[in-house]
**Student:** 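There's a structure below that I have some questions on.
Chain identifiers are assigned alphabetically (A, B, ...) following the order of the sequence lines, protein sequences preceding nucleic acid strands; residue numbering begins at 1 within each chain.
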2 protein chains.
Amino acid sequence: MTRQILIVDDHQLFLEGLRFVLSQTPEVSIVGDALNGYKALEMLASYRVDWVLMDVNMPHCDGVEATKQIKKLYPHVKVIAVTMLDDYVSIQQMVKAGADGYILKNTGSSELHRAFETIEKGEVYYSNAILNTILRRPVATPQKSTTKLHQWLTAREKQIIPLLVEGLTSLQIADKLYVSESTVISHRKNILHKLNLKNTSALVKYALEHQLV
Amino acid sequence: MTRQILIVDDHQLFLEGLRFVLSQTPEVSIVGDALNGYKALEMLASYRVDWVLMDVNMPHCDGVEATKQIKKLYPHVKVIAVTMLDDYVSIQQMVKAGADGYILKNTGSSELHRAFETIEKGEVYYSNAILNTILRRPVATPQKSTTKLHQWLTAREKQIIPLLVEGLTSLQIADKLYVSESTVISHRKNILHKLNLKNTSALVKYALEHQLV
DNA sequence: AAACTTATCCCCCCTAAGGGGGATTTTTTG
DNA sequence: CAAAAAATCCCCCTTAGGGGGGATAAGTTT
């Protein structure tokens with residue numbers, strides 16, 4: 001089944017280039033184009049549209065707002081963000097707005113085809129190129145430890161840690177696990193000893209910073 | 001050219017499953033497997049290896065450390081992280097360690113093949129599934145803060161919190177701040193009361209999750 | 001000046017945490 | 001099967017944490 005595509009972009013030149021690329025693509029036909037989000041919503045009200053190729057930054061009604069509206073009014077329409085921006089916030093905003101894919105303008109047409117194939121299967125497509133940007137963000141919790149002491153913990157010990165992190169007492173944990181308080185105390189003592197930590201507060205910090213919760 | 005693959009994983013069952021999948025895959029042969037990072041480095045020293053399928057969390061020497069070492073010693077070897085973890089920090093750490101791909105264990109073999117094709121081309125492959133996790137992180141918008149309980153804390157109280165997070169006792173903190181132990185105890189009691197927390201462990205969790213450190 | 005906040009310190013009392021053992025049973029592993 | 005590891009429970013004892021007050025001096029606000 002041929003997919004009806006709407007292109008939304010305020011860059012005339014890019015719009016024409018994309019028109020050419022899509023004209024070479026089978027199973028795809030262009031419904032029309034819009035220079036901003038408002039125009040796009042007007043088009044959607046009048047024509048059958050399957051996919052929207054949406055620029056992120058446009059005047060009047062930007063890609064994020066337009067995508068939110070489209071997903072609200074026409075949930076079946078697939079929206080693919082096509083953008084020059086590869087910054088984290090833009091990507092995240094578009095994803096939260098409900099975009100089904102995210103590709104960069106400087107990637108080739110082969111990537112566009114791959115995106116189409118992925119979205120056709122009902123999956124979400126992200127350009128590999130944007131990932132480098134996303135993943136190079138500074139880490140929230142700076143980690144300096146190289147040796148991972150906690151790999152020596154037993155299953156039971158790892159099970160108890162999240163409960164200690166929650167601030168539960170030994171007795172409360174014991175009741176939860178149907179064992180005696182002494183057992184929990186022993187486990188905690190062993191954990192502290194294995195991780196070479198002074199008290200439970202330090203353990204909570206360690207656990208949260210090493211994703212043991 | 002047939003690719004020589006080394007599998008590094010401490011889960012025997014998964015290892016065998018992966019062996020089967022790869023035996024069905026053309027242009028690929030398994031050099032061997034290792035149960036942890038150290039073993040992997042030993043294997044790399046003795047055999048020709050093109051690709052490493054690396055589990056992230058393993059005992060003795062985890063995937064992040066092992067990947068760093070591999071990339072340092074054998075830059076030409078492609079490392080693909082294969083993991084159950086889809087949390088942000090793990091992914092980011094592996095990327096920083098130099099991993100050439102990141103796929104989840106619960107994805108099918110078709111994804112593995114896609115990863116191979118992508119990496120064969122010299123590109124980096126990321127599982128689409130992990131992206132949802134990454135992009136659903138809370139967006140850093142300091143403006144739209146709701147009511148934060150800790151905004152009512154005094155300067156002294158905020159000063160004490162990081163010290164409690166470090167696991168210091170009241171006396172240790174008192175010595176650091178040149179006040180009496182009683183003072184620190186009072187401050188901590190006030191903090192717990194203001195934040196409506198049961199004990200210091202819960203406070204540590206709160207502090208780390210709300211960037212009070 | 002009166003009211004309020006903060007930081008400082010103290011009291012009593014009780015509970016939870018932590019250090020040092022040891023012992024048993026079950027499970028895992030070589 | 002035998003050894004090792006893990007999970008379970010107990011003892012004693014000391015220290016730190018936490019709930020309930022209250023008091024004072026210094027500074028700020030109203």
**Student:** Please confirm whether the shortest side-chain N or O distance from A:Thr154 to OP1 or OP2 of D:dA7 is below 4.0 Å.
**Tutor:** yes
**Student:** To the nearest Å, how far apart are B:Leu203 CG and D:dG19 P?
**Tutor:**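 That distance rounds to 12 Å.
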**Student:** Mind checking side-chain contact (heavy atoms from CB on, under 4.5 Å) for B:Leu177 and listing every partner two or more places apart, or none if nothing turns up?
**Tutor:** B:Arg156, B:Gln159, B:Ile160, B:Leu163, B:Ile173, B:Val179
**Student:** Check this for me: does any side-chain nitrogen of one of A:Arg114 and A:Glu117 sit under 4.0 Å from a carboxylate oxygen of the other?
**Tutor:**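 Between A:Glu117 and A:Arg114 there is no salt bridge, as every charged N stays at least 4.0 Å from the carboxylate O atoms.
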**Student:** Short question: side chain of B:Asp100, backbone of B:Val79 - any donor-acceptor pair under 3.5 Å?
**Tutor:**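 Flag set: sc B:Asp100 to bb B:Val79 pair under 3.5 Å.
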**Student:** Looking only at heavy atoms, which two atoms of B:Ala202 and A:Glu166 are closest? And how far apart?
**Tutor:** CB-O, 4.3 Å
**Student:** Check nucleotides 23-25 of chain C for protein N or O atoms closer than 3.5 Å to its own N or O atoms and list the pairs.
**Tutor:**
none

**Student:** Expressed in angstrom and rounded to an integer, what is the separation of A:Asn190 atom CG from D:dC9 atom C1'?
**Tutor:**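 About 13 Å, once rounded to whole Å.
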**Student:** Is it the case that the side chains of B:Ser180 and B:Thr183 hold a donor-acceptor pair, with the cut-off being a distance below 3.5 Å and no angle test?
**Tutor:**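 Checked: B:Thr183/B:Ser180 side chains pair up, N/O donor to acceptor below 3.5 Å.
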**Student:** Please report, rounded to the nearest Å, how far the C1' atom of D:dA7 is from the CG atom of A:Leu153.
**Tutor:** 14 Å
**Student:** Round to a whole Å and report the spacing from CG of B:Leu177 to C1' of C:dC9.
**Tutor:** 15 Å
**Student:** Nearest 0.5 Å, what's the CG-OG1 distance between B:Asn199 and A:Thr169?
**Tutor:** 8.5 Å
**Student:** Reading nucleotides 22-30 of chain D 5' to 3', which nucleotides get B (base under 4.0 Å from a protein heavy atom), which S (sugar-phosphate only), which -?
**Tutor:** ---------
**Student:** Rounded to the nearest Å, what distance is computed from the NZ atom of residue B:Lys176 to the C1' atom of nucleotide C:dT8?
**Tutor:** 20 Å
**Student:** Could you check which of D:dG21, C:dG21, C:dC9 has an atom nearest any side-chain atom of A:Lys189?
**Tutor:** C:dG21
**Student:** Measuring to OP1 and OP2 of C:dC10, would you say a side-chain N or O of B:Ser180 lies under 4.0 angstrom away?
**Tutor:**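 Looking at the OP1 and OP2 atoms of C:dC10, one of them is under 4.0 Å from a side-chain N or O of B:Ser180.
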**Student:** Quick one: CD on A:Glu65 to OH on A:Tyr38, what's the gap to the nearest 0.5 Å?
**Tutor:** 8.5 Å
**Student:** Donor-acceptor pair, distance only, cut-off 3.5 Å: does the side chain of B:Glu157 make one with the backbone of B:Thr154?
**Tutor:** yes
**Student:** Return the minimal non-hydrogen interatomic distance between B:Ala66 and B:Gly37, and the atom names on each side.
**Tutor:**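 What the structure gives for the nearest pair is CB-CA, 3.8 Å.
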**Student:** What is the distance from CG of B:Leu197 to C1' of D:dG17, rounded to the nearest Å?
**Tutor:** 14 Å
**Student:** Using side-chain contact (heavy atoms from CB on, under 4.5 Å) as the criterion, list what pairs up with B:Val77, not counting sequence neighbours.
**Tutor:** B:Leu44, B:Val49, B:Val52, B:Ile70, B:Tyr74
**Student:** What is the distance, to the nearest angstrom, from the CD atom on B:Gln172 to the P atom on C:dG18?
**Tutor:** 13 Å
**Student:** C:dA7 C1' sits how many Å from B:Ile191 CD1, rounded?
**Tutor:** 13 Å
**Student:** Checking A:Thr200 now: which residues fulfil side-chain contact (heavy atoms from CB on, under 4.5 Å) with it, not counting sequence neighbours?
**Tutor:**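 A:Leu164, A:Arg188, A:Val204, B:Ser201.
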**Student:** Measuring to OP1 and OP2 of D:dT8, would you say a side-chain N or O of A:His187 lies under 4.0 angstrom away?
**Tutor:**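 Yes, A:His187 has a side-chain N/O under 4.0 Å of OP1/OP2 on D:dT8.
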**Student:** Is the backbone N or O of B:Gln4 less than 3.5 Å from a side-chain atom of B:Asp50, with the two atoms forming a donor-acceptor pair by type?
**Tutor:**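 Yes, because the side chain of B:Asp50 sits within donor-acceptor range (under 3.5 Å) of the backbone of B:Gln4.
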**Student:** Using nucleotides 14-17 of chain C, report all nitrogen or oxygen pairs with the protein that are shorter than 3.5 Å.
**Tutor:**
unit_1: C:dA17; atom_1: OP2; unit_2: A:Ser170; atom_2: N; d: 3.2
unit_1: C:dA17; atom_1: OP2; unit_2: A:Ser170; atom_2: OG; d: 3.1

